[in-house]
Amino acid sequence: MKLYNTKSRSKEEFIPLNEGKLKLYACGPTVYNYFHIGNARAFIFFDVVRRYFEYLGYEVTYVQNITDIDDKIIEQAIAEEQPFHKIAAKYANAFLEDCHALGIKKPHHQPKATDTMPQIIELIKTLVDKGNAYEVEGDVYFDTASLPEYGSLSGKQIEDQITGARVAENLSKKHPADFTLWKKSKPGEPWWESPWGNGRPGWHTECVVMSQHYLGDSFDIHGGGIDLVFPHHENENAQAIALTGKPLARYWMHNGFLNIDGEKMSKSLKNFFTARDILQEYDADAIRHFFLSKHYRSPIDFTRELIEESHKAMQNFYKAIDAFDPKLLEDIAGKEATMDQAELDFQDAMNDDFNTAKAIAILFDLAHKSKKAPDQIERGRAAATLLRLGKTLGFFQNMQSRSAREMPDLSKSLIELILGYRSDARQNKNWVLSDKIRDDLLAIGIEIKDSPAGTNWNLRK
RNA sequence: GGCGACAUAGCCAAGUGGUAAGGCAGAGGUCUGCAAAAUCUCCAUCCCCGGUUCAAAUCCGGGUGUCGCCUCCA
């Protein structure tokens, strides 16, 4: 298993801290709005990381934070004229719903920042005591100069970035790179009591506390979007090193950005889509296929055409699997003693820093084989393998609901009845009527396929 | 100013030294009352220039172009 580690900027062999176990932390949302399609990429990708390690037999502990206190939440609370905690709760629930709709498996722990306030304050206190942080009139800053390793994750030289960078002037900081650990509350803002007066945590602190609480001082993989490398993860790591002398995580994985029609997504460009919006139009499999068809570290361009292509591509998988009885496939999958070559190839692809694009190509080979192999056993095996491997990418979670054979019996009987009438019409060469029946059924989502052996039908989309 | 990524067929996209996976679209054949579906077949020499090598999309140097981070951001 090779992973690209942002810290070393190279692929490294993955060696877990404890054999057979994976401790994984990926940054979750700040709940001030519905999350957007770019966030979805990160959530889906780390869901695949988790699923694949589980497939490999690892005992995975996956933790994802929900940051529910922050400047943006306060702004949104003012905009919606609601208390901040109601806004946070609203969007935290929406986050959980949308993740579920995207087929993202629930992390083992999803702690909230406001539930860990005592630990956050404790962490800041320790940093102050150790001389890595200082207070200025109710604000507490991390002293970046106190830590020689500062900048080692993102590869930044502190001095370099000051010239020409858009660093806001803040005269109370000792150094422009110093960041806020605790922020004094202004009148009307939410606050918690602390040794430095009433205030709230700065960004970066909550992730350190929550990740270490569930995973230990230093864990295996820390993930998030590429934009989090600096400052967020650099600052998290700085706190961890100052606290324990050890880096927060051994491997840092970052997914690339999503652009809309070649441009960065932003509200001002009016090319901002929430995952919720996109889920209205496309199914989760299509969205997932779209993301996984490109390597996770590359930037990806979002267009509707591409999602539609992905949807069509996924249809091939469904057709391949639908050709077999689900119970038969489960039987085959359960009895499988030896892995076939396709599965080994799939693992090779995934073991090479999650080459999901290549892995998907192998699924297509399996779909092909499920139709073309010389004997029925071979074909069934290919379909069963396709189903099983596809699931490690999070595909096929909605199979049942869209499969014709899962419909209530009455609906099925009615369709068979109608098809019987159409068959009569065709016998009488009443093409006008038979075509009308076909078109009308299609209009309500039932697609007909005539074949010499009879008429088949299935649900479309 | 500092740091980084990318450039492969109409579109998307794998491929890090041995003569280009896969998907979508397209073309043609079979099948069909028609259509859809199914099925078979076809469709690139890898941004430019130079270098290393028996051999490069793949390594090195130089261009050109696109994008991102350094401020909240997945």
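Any value given below was found using the heavy atoms of this structure, including those in side chains, with hydrogens, waters and symmetry copies removed. First the proteins, then the strands, lettered A, B, ... as listed; each starts at 1.
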Paired nucleotide for B:A25 [Watson-Crick or G-U wobble; both distances under 3.5 Å]: none
Identity of whatever pairs with B:A57 - Watson-Crick or G-U, under 3.5 angstrom: none
Minimum-distance nucleotide (side-chain atoms of A:E447 versus B:G22, B:A36, B:C24): B:A36
Interatomic distance at P, B:G22 relative to B:U39, whole Å: 16 Å
Pairing partner of B:C3 (Watson-Crick or G-U wobble, both distances under 3.5 Å): B:G68
Nucleotide nearest A:F364 (side chain, heavy atoms from C-beta), chosen from B:A36, B:A35, B:G23: B:G23
Set of side chain to side chain contact (heavy atoms under 4.5 Å, CB included) partners for A:I78, sequence neighbours left out: A:I74
Nearest listed nucleotide, side chain of A:K264, among B:A35, B:A37, B:C69: B:C69
Residue whose nearest RNA chain B nucleotide is more 5′ - A:K72 or A:S310: A:S310
P atoms of B:G63 and B:G68, separation to the nearest Å: 22 Å
With A:Q427 via side chain to side chain contact (heavy atoms under 4.5 Å, CB included) - residues at least two apart: none
Between A:N39 and A:H36: side-chain donor-acceptor atoms closer than 3.5 Å: yes
Partner residues of A:N428 under the side chain to side chain contact (heavy atoms under 4.5 Å, CB included) criterion, sequence neighbours left out: none
Using a cut-off of under 3.5 Å, enumerate the N/O to N/O pairs linking the protein to nucleotides 6-13 of chain B.
from: B:A13; atom 1: OP1; to: A:K294; atom 2: NZ; distance (Å): 2.4

Touch class at under 4.0 angstrom, heavy-atom based, for A:L258 against every strand present: base
For B:U16, the Watson-Crick or wobble partner whose two distances fall under 3.5 Å: none
Inter-nucleotide P distance (B:G28, B:A36), Å rounded: 13 Å
Integer angstrom distance from the P of B:C47 to that of B:A20: 15 Å
Out of B:C67, B:G4, B:C70, whichever nucleotide has its closest atom nearest the side chain of A:R9: B:G4
Sugar-phosphate, base or nothing in reach of A:S434, heavy atoms under 4.0 Å: base
Under-4.0 Å side-chain N/O to phosphate OP1/OP2 contact, A:K371 with B:U39: yes
Presence of donor-acceptor pair under 3.5 Å, side chain of A:D450 and base of B:G33: no
Partners meeting side-chain hydrogen bond (donor to acceptor under 3.5 Å, both in side chains) with A:K2 (sequence neighbours left out): none
Whole-angstrom distance between B:C60 and B:U52, as gauged at atom P: 15 Å
Criterion side chain to side chain donor-acceptor pair (under 3.5 Å) on A:D70 and A:T30, from CA distance to verdict: CA-CA 8 Å; A:D70 164 275; A:T30 299; 4.9 Å; no
Strand partner of B:A37, provided both Watson-Crick or wobble distances fall under 3.5 Å: none
C1' gap between B:C24 and B:U30, integer Å: 23 Å
Sugar-phosphate only, base, or nothing, as touched by A:F257 at under 4.0 Å among non-hydrogen atoms: base
Nearest-Å distance once atom P is located in both B:G61 and B:A44: 33 Å
Who pairs with B:U32 - Watson-Crick or G-U, where each distance is under 3.5 Å: none
Residues that A:E416 engages under side-chain hydrogen bond (donor to acceptor under 3.5 Å, both in side chains), provided they are two or more places apart: A:W457
Spacing of the C1' atoms in B:U53 and B:G1 (rounded, Å): 39 Å
For B:U52, the Watson-Crick or wobble partner whose two distances fall under 3.5 Å: none
Donor-acceptor pair between A:E343 and A:T385 side chains, under 3.5 angstrom: no
ring-ring contact (aromatic ring centres under 6.0 Å, His included) partners of A:H289, counting only residues at least two apart: none
Sugar-phosphate, base or nothing in reach of A:G224, heavy atoms under 4.0 Å: sugar-phosphate
Residues A:D348, A:K358; criterion salt bridge (charged side-chain N to carboxylate O under 4.0 Å, His left out); working and verdict: CA-CA 9 Å; A:D348 281 347; A:K358 196 171 184 180; over 6 Å; no
Residue closer to the 5' end of RNA chain B, A:N316 versus A:G38 (nearest nucleotide): A:N316
Sugar-phosphate, base or nothing in reach of A:N355, heavy atoms under 4.0 Å: sugar-phosphate
Stretch residues 420-432 of chain A: residues that reach within less than 4.0 Å of RNA chain B through a heavy atom: A:R426, A:W431
Sequence-distant partners of A:T116, side-chain hydrogen bond (donor to acceptor under 3.5 Å, both in side chains), two or more places apart: none
Would you tabulate the pairs of protein nitrogen or oxygen atoms and nucleotide nitrogen or oxygen atoms of nucleotides 40-44 of chain B closer than 3.5 angstrom?
from: B:C40; atom 1: OP1; to: A:K372; atom 2: NZ; distance (Å): 2.2

Partner nucleotide of B:C46 by Watson-Crick or wobble geometry (both distances under 3.5 Å): none
Contacts of type ring-ring contact (aromatic ring centres under 6.0 Å, His included), residue A:F35, not counting sequence neighbours: A:F43, A:F95
Residue pairs fulfilling side chain to side chain donor-acceptor pair (under 3.5 Å) with at least one residue in residues 83-98 of chain A, sequence neighbours excluded: A:E80-A:K90, A:E80-A:Y91, A:E97-A:R276, A:D98-A:R276
Donor-acceptor contact present, side-chain A:D375 to main-chain A:E378, <3.5 Å: yes
